[in-house]
Amino acid sequence: MELGQKGKGRTFKLYHDVPERYKATEHMNEELIRMIKLRIQGLPAEVEKFTEQLKKDGYHFLMESDDYPNRNSEYVRRYVEVMLDEDQDQ
C-alpha cells in the first residue's frame, strides 16, 4: 500500500511523494485558464437579473449552476465560474 492511500482513491502527503504520472507538465500549465468562482445569493429574480447583467457586461461563463434554495428562506444561491481577461494583470 502506498503512502497515504485510502480505499480506491489516493491521497499523497507531500508533493514529492506524488508519482510523475499525476504531476502537471509544463504543457498543461501553459493551458491553464485564469478564472474566478463566484457565489451569487439573493431572491431568485435578483440572482437571475445579476447573472444576465454579468453576461451583458461581456463576462464569459465557464460554468453556471442551477439555483439552490437556502434553508428556511426565500433566497437562493447560484455558483458561477467566470473567465478572467488574459490582458489584465491585477
Side-chain angles (χ1 to χ4, degrees):
M1 182 179 265
E2 292 183 32
L3 176 67
Q5 184 176 355
K6 295 179 181 178
K8 293 183 180 181
R10 293 187 176 159
T11 53
F12 302 96
K13 298 200 182 283
L14 301 172
Y15 183 74
H16 62 78
D17 294 331
V18 178
E20 288 299 319
R21 67 179 177 265
Y22 295 127
K23 292 182 182 179
T25 64
E26 289 300 318
H27 181 267
M28 290 176 181
N29 290 337
E30 291 173 4
E31 294 180 358
L32 290 178
I33 297 173
R34 294 179 56 199
M35 61 88 142
I36 187 167
K37 294 182 179 186
L38 301 172
R39 180 179 72 186
I40 304 167
Q41 185 170 300
L43 295 171
E46 293 171 343
V47 169
E48 185 64 33
K49 184 177 179 180
F50 186 76
T51 304
E52 291 303 317
Q53 186 62 48
L54 286 175
K55 289 178 182 176
K56 284 180 186 175
D57 289 344
Y59 290 97
H60 177 69
F61 283 34
L62 299 172
M63 187 277 304
E64 181 178 355
S65 74
D66 294 331
D67 290 346
Y68 294 98
N70 288 349
R71 258 187 241 167
N72 302 323
S73 173
E74 57 187 303
Y75 292 104
V76 297
R77 301 178 314 276
R78 183 180 297 180
Y79 300 92
V80 297
E81 293 179 359
V82 179
M83 185 163 45
L84 296 178
D85 191 3
E86 293 291 329
D87 298 333
Q88 288 181 337
D89 287 336
Q90 300 182 7

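Note that this is a predicted model, so its numbers are computed, not measured.
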Is it true that [X] and [Y] fall in one hydrophobic cluster, defined by side-chain heavy atoms closer than 4.5 Å?
X   : Y   : result
V76 : L54 : yes
F61 : Y68 : no
Y59 : L84 : yes

Please check if atom CD in Q53 has more than 12 non-hydrogen atoms from other residues, nucleotides or ligands closer than 6.0 Å. yes
Do other residues, nucleotides or ligands put more than 12 heavy atoms under 6.0 Å from the CG atom of D57? yes
How would you list, by chain and number, every residue that makes a salt bridge (Lys or Arg N to Asp or Glu O under 4.0 Å) with K37, sequence neighbours excluded? E81
All salt bridge (Lys or Arg N to Asp or Glu O under 4.0 Å) counterparts of E64, not counting sequence neighbours: K55, R78
Identify the heavy atoms of Y75 and L43 that sit nearest to each other, and give their distance. CD2-N, 3.4 Å
Between V47 and Q41, what is the shortest heavy-atom contact and its length? CG2-C, 3.9 Å
Whether the Y79 and R77 side chains hold a donor-acceptor pair (N or O, under 3.5 Å, no angle test) is what I'd like checked. yes
